[in-house]
Amino acid sequence: DTEVTQTPKHLVMGMTNKKSLKCEQHMGHRAMYWYKQKAKKPPELMFVYSYEKLSINESVPSRFSPECPNSSLLNLHLHALQPEDSALYLCASSQDPAGSQFEKLFFGSGTQLSVL
Amino acid sequence: KNEVEQSPQNLTAQEGEFITINCSYSVGISALHWLQQHPGGGIVSLFMLSSGKKKHGRLIATINIQEKHSSLHITASHPRDSAVYICAVGSQTSGSRLTFGEGTQLTVNP
């Protein structure tokens with residue numbers, strides 16, 4: 001199984017809603033990532049989990065709250081989002097966080113989020 | 001000036017043509033990644049290079065560390081190759097933080 005599975009594929013939410021994005025991989029990867037991608041732009045790193053611990057937070061607003069309940073799962077909890085947060089949210093994983101710049105990244109197909 | 005620059009930004013080709021996409025970077029790197037993104041979002045990692053050349057099917061990636069330049073070649077292009085191709089670089093100091101190029105939109109017409 002070389003897949004990273006993200007759910008839901010599409011999400012529409014109001015600014016007062018609370019929702020969660022889910023990411024799952026069963027490749028035994030120990031690094032998991034959240035990226036945000038606006039249309040026609042490259043992905044921007046948001047968070048990195050290394051061995052289930054948050055290792056990088058790229059100064060992301062607190063309305064985005066990541067969680068790594070176990071080595072296979074990564075969640076992104078959303079609360080009080082703004083319309084400018086509408087984007088494609090991509091999850092990725094790689095084998096070994098220690099040499100992560102040398103590691104092939106496996107991406108999910110993303111969640112297209114619209115905030116109204 | 002971006003640390004990672006790709007050219008061209010947009011490329012239209014006829015089926016069967018040989019295609020080259022270029023990536024230049026201004027920082028010292030440990031590894032360079034070529035990624036493919038189809039409409040609808042999913043990103044596929046095509047290659048990770050730290051030196052030399054790699055080949056997979058009709059795709060060839062090369063890197064010249066001294067010149068800080070990499071190329072992605074597609075031989076016998078096909079409409080299914082239509083996608084955005086993204087170059088990303090990583091370094092010892094940046095660790096998990098890849099620096100991405102802006103991407104090249106490739107359209108292959110039948």
Side-chain angles (χ1 to χ4, degrees), chain A residues 2-11 21 23 27 29-51 53-59 87-113, chain B residues 2-10 21 23 25 27-52 54 56 59 61 63 65 70 83-107:
Chain A
T2 57
E3 276 195 356
V4 175
T5 304
Q6 286 188 246
T7 55
K9 292 198 184 307
H10 302 274
L11 179 62
L21 309 185
C23 174
M27 294 177 278
H29 288 176
R30 303 316 299 269
M32 294 186 77
Y33 312 76
W34 280 116
Y35 286 89
K36 172 183 177 180
Q37 187 179 27
K38 299 286 258 185
K40 299 190 186 300
K41 290 292 183 184
E44 299 170 29
L45 184 64
M46 299 175 73
F47 303 105
V48 181
Y49 272 82
S50 172
Y51 294 97
K53 289 190 180 352
L54 184 65
S55 62
I56 295 175
N57 175 342
E58 294 286 58
S59 303
L88 180 70
Y89 289 83
L90 291 158
C91 173
S93 69
S94 65
Q95 179 72 36
D96 180 1
S100 52
Q101 70 272 26
F102 296 107
E103 295 289 333
K104 182 176 176 178
L105 285 171
F106 291 78
F107 284 86
S109 55
T111 294
Q112 187 65 56
L113 174 67
Chain B
N2 291 335
E3 290 182 338
V4 179
E5 293 207 341
Q6 288 186 235
S7 62
Q9 283 188 308
N10 294 282
I21 299 170
C23 176
Y25 51 91
V27 296
I29 70 165
S30 301
L32 184 143
H33 300 251
W34 280 105
L35 310 170
Q36 178 193 56
Q37 186 169 29
H38 278 103
I43 293 178
V44 174
S45 177
L46 299 174
F47 296 103
M48 193 283 296
L49 292 163
S50 52
S51 65
K54 287 191 177 179
H56 186 256
L59 301 177
I63 188 167
I65 297 292
S70 176
V84 176
Y85 292 83
I86 303 170
C87 169
V89 301
S91 67
Q92 294 277 10
T93 51
S94 67
S96 300
R97 292 181 180 87
L98 295 179
T99 302
F100 291 85
E102 292 287 313
T104 295
Q105 173 69 62
L106 171 65
T107 303

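Residue numbers begin at 1 in each chain, while the letters A, B, ... track the order of the sequences. Being a predicted model, the structure only gives us computed values, none of them experimental.
Contacts of B/Q37 with chain A are made by side-chain atoms alone, with heavy-atom separations under 4.5 Å and no backbone atom involved. Heavy-atom distances place no part of A/Q112 under 4.5 Å from chain B, backbone and side chain included. With a 4.5 Å cut-off on non-hydrogen atoms, A/Q37 touches chain B through its side chain but not through its backbone.
Annotation: ring pair (Phe, Tyr, Trp, His ring centres under 6.0 Å) contacts of A/F107 (sequence neighbours excluded): A/Y35.
The line from CZ of B/R97 to CD of A/E58 is 4.0 Å long, rounded to the nearest 0.5 Å. Remark: A/K41 NZ to B/I86 CD1 distance equals 12.0 Å, nearest 0.5 Å. Atom CZ in B/F100 sits 10.0 Å away from atom CD in A/E44 (nearest 0.5 Å).
Residues A/P42 and B/G101 come closest through the heavy atom pair CB-O, 3.3 Å.
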Mind listing the side-chain donor-acceptor pairs of residues 39-52 of chain B below 3.5 Å, one per line with the distance, residues two or more places apart or on another chain?
none

